[in-house]
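Following: one structure in structure tokens, then a few remarks.
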There are 2 protein chains.
Amino acid sequence: MGKDRKIDMVILGLLSHEDLTGYDIKKQIDEAIGFFWKGSFGSIYPALSDMEKNGFIKKLPDKNSSGREKIKYRITKQGKEVLADWLKDEQASNDLKYETLLKLYFGGAEKKEVSIHNIELFEKQIKSDLQILKFYQSNLEKVLDNKEHVHYYLTVTFGIDTYEAYLKWCSKAKKLLNEKC
Amino acid sequence: MGKDRKIDMVILGLLSHEDLTGYDIKKQIDEAIGFFWKGSFGSIYPALSDMEKNGFIKKLPDKNSSGREKIKYRITKQGKEVLADWLKDEQASNDLKYETLLKLYFGGAEKKEVSIHNIELFEKQIKSDLQILKFYQSNLEKVLDNKEHVHYYLTVTFGIDTYEAYLKWCSKAKKLLNEKC
DNA sequence: TTAGTATATATCAAAACGATATATCAAATT
DNA sequence: AATTTGATATATCGTTTTGATATATACTAA
């Protein structure tokens, strides 16, 4: 029955613990799960509209009586079932698209400085993102008695562990390029 | 000028050291760069057709006189310029979509066994992929005098380093779920 | 021989991206 | 007081990409 659109699961997941507008959803995707997931307005708004028709979520009457339009959504019982089914489904696709690695893979014909520079740009970005992740981690460490927080904490440590591995690799990679090329 | 389609760069990169058919390109994407990039036939064939019209690649006359259709492509001088421009362009987007982490992030409402099982499925896949990467690494280690092989080697070590970090995280994550949930 | 797998091209609906348009609101600047 | 900037908020559109399917030949192993 379910069309298995990934953005639907992201939205249902976020709505499962808080009522949110489309804009809120975009912010949470960028901030809370941005280091392992991406989502754009162009997929969020159509998904909200479709899921509302399917009864997985419902619109909440706007209390901001002002002319300003603002639509908060709440997950329904049916929506919670869809989310639970997806969580229990063994299927999971983990897709990465690393343009930095693509450029490195194809960079053998260029001067080594080009590849080294591309690695340094990557390194800079990762260092900056790592700071944010460590900040999240320090906040979550204090509230590990809460089950949901344990789950958030685990995704953050995934980010930190992999980003630290990236940084070590960046040093090794630059060194090897300088030695061998 | 250039529409900056990522699949175009992948194809040009692969064609820059070998003439290939669309099918060959798909195989190389899956095998050589599959651990950090994905690409489907549905994007490859249209891209080949467009780039041939734009003069970035050209069709090679089929020598397999049989009725069987088979089109090999070769990169042109113009295509090499497009590839070089992209390599020197600082812009690079590194996008990941980890459904496993998504399920973990939203898994706080389910029983811990669901999350642990999802981690174990991920762990199994990573262990299997890691074997393949280590095989690639051992082959590339012997030919590091070649500049292009150094570049291939670096992407493979990236995969190995990050996959090993993933595995360490899997153990930690399962342990924490058992302790705290 | 025949079933299954690999090779090979191509297309299509659906999903997602990325950019843009529109508009309100709050805060900072002039 | 007026203006500009940046954040909030919804929505749409062309393009890209996915994932599935269709079609057909070649090779290989039971």
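Below, chain A is the first sequence line, B the second, and so on; all start at residue 1.
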*Taking only side-chain nitrogens and oxygens of A:Ser40, does any of them come within less than 4.0 Å of OP1 or OP2 of C:dA16?*
no
*asked:* Which residues in residues 15-23 of chain A have a heavy atom closer than 4.0 Å to any atom of DNA chain D?
replied: A:Thr21, A:Gly22, A:Tyr23
_For the NZ atom of A:Lys80 and the CD1 atom of A:Ile75, what is their distance to the nearest 0.5 Å?_
6.5 Å
*Among B:Met51, B:Lys58, B:Glu52, whose side chain to side chain contact (heavy atoms under 4.5 Å, CB included) with B:Tyr73 holds?*
B:Glu52
*How far does CG of A:Asp95 sit from OH of B:Tyr98, to the nearest 0.5 angstrom?*
9.5 Å
*Does A:Phe122 have any ring-ring contact (aromatic ring centres under 6.0 Å, His included) partners at least two apart in sequence or in another chain, and if so, which?*
A:Tyr166
*Can you pull out how bent the helix from C:dT1-D:dA30 to C:dT30-D:dA1 is, comparing the axes over its first five and last five pairs, to 10°?*
30°
*Interface residues of residues 93-101 of chain B with DNA chain C (non-hydrogen, below 4.0 angstrom)*: B:Lys97
_What is the separation between atom CD1 on A:Ile11 and atom P on C:dA16, rounded to the nearest whole Å?_
9 Å
*Kindly compute the distance separating NZ (A:Lys88) from CD (B:Glu113), expressed to the nearest 0.5 Å.*
12.5 Å
*asked:* If I take atom CZ in residue A:Arg5 and atom P in nucleotide C:dA16, what distance separates them, rounded to the nearest angstrom?
replied: 7 Å
*Could you give the CD1-to-C1' distance, from A:Ile44 to C:dA16, as a whole number of Å?*
11 Å
*Which whole-number value in Å describes the distance from A:Lys59 NZ to D:dT10 C1'?*
11 Å
*Listed in order of residue number, which residues of residues 24-38 of chain A have a non-hydrogen atom at under 4.0 Å from DNA chain D?*
A:Asp24, A:Lys27
*asked:* Would you say NZ of A:Lys172 has more than 12 non-hydrogen atoms from neighbouring residues, nucleotides or ligands within 6.0 angstrom?
replied: yes
*Honestly curious: do B:Leu154 and A:Leu121 fall in one hydrophobic cluster under the side-chain, below-4.5 Å linking rule?*
no
*Nearest whole angstrom, please: distance from the P of D:dT18 to the CD1 of A:Ile7.*
17 Å
*Compare all side-chain heavy atoms of B:Ile160 with those of B:Val156 and state whether any distance is below 4.5 angstrom.*
yes
*Nearest 0.5 Å please: distance from the OG atom of B:Ser49 over to the CD1 atom of B:Ile71.*
9.5 Å
*Grab the CZ-P distance between A:Phe41 and C:dG18 for me, whole Å please.*
13 Å
Show me the side-chain donor-acceptor pairs of residues 173-181 of chain A shorter than 3.5 Å, one per line, residues at least two apart or across chains.
unit_1	atom_1	unit_2	atom_2	d
A:Lys174	NZ	A:Glu123	OE1	2.9
A:Asn178	OD1	A:Lys112	NZ	3.4
A:Asn178	ND2	A:Lys174	O	3.3

*Close aromatic pair by centroid cut-off 6.0 Å: A:Tyr136 and A:Tyr152*: no
*Using heavy atoms to find the nearest nucleotide of DNA chain C for A:Ser43 and B:Tyr45 separately, return the residue whose nucleotide is more 5′.*
B:Tyr45
*Report whether B:Tyr105 and B:Val114 are members of the same hydrophobic cluster (ILVMFWY, side-chain heavy atoms less than 4.5 Å apart, transitive linking).*
no
_In whole Å, I'd like the distance from the NZ atom of B:Lys6 to the P atom of D:dT18._
11 Å
*Atom pair OG1/CZ of B:Thr100 and A:Phe158 - distance to nearest 0.5 Å*: 8.5 Å
_From CA spacing to verdict: side-chain hydrogen bond (donor to acceptor under 3.5 Å, both in side chains), A:Asp129, A:Gln125_ = CA-CA 6 Å; A:Asp129 292 351; A:Gln125 184 63 56; 3.0 Å; yes
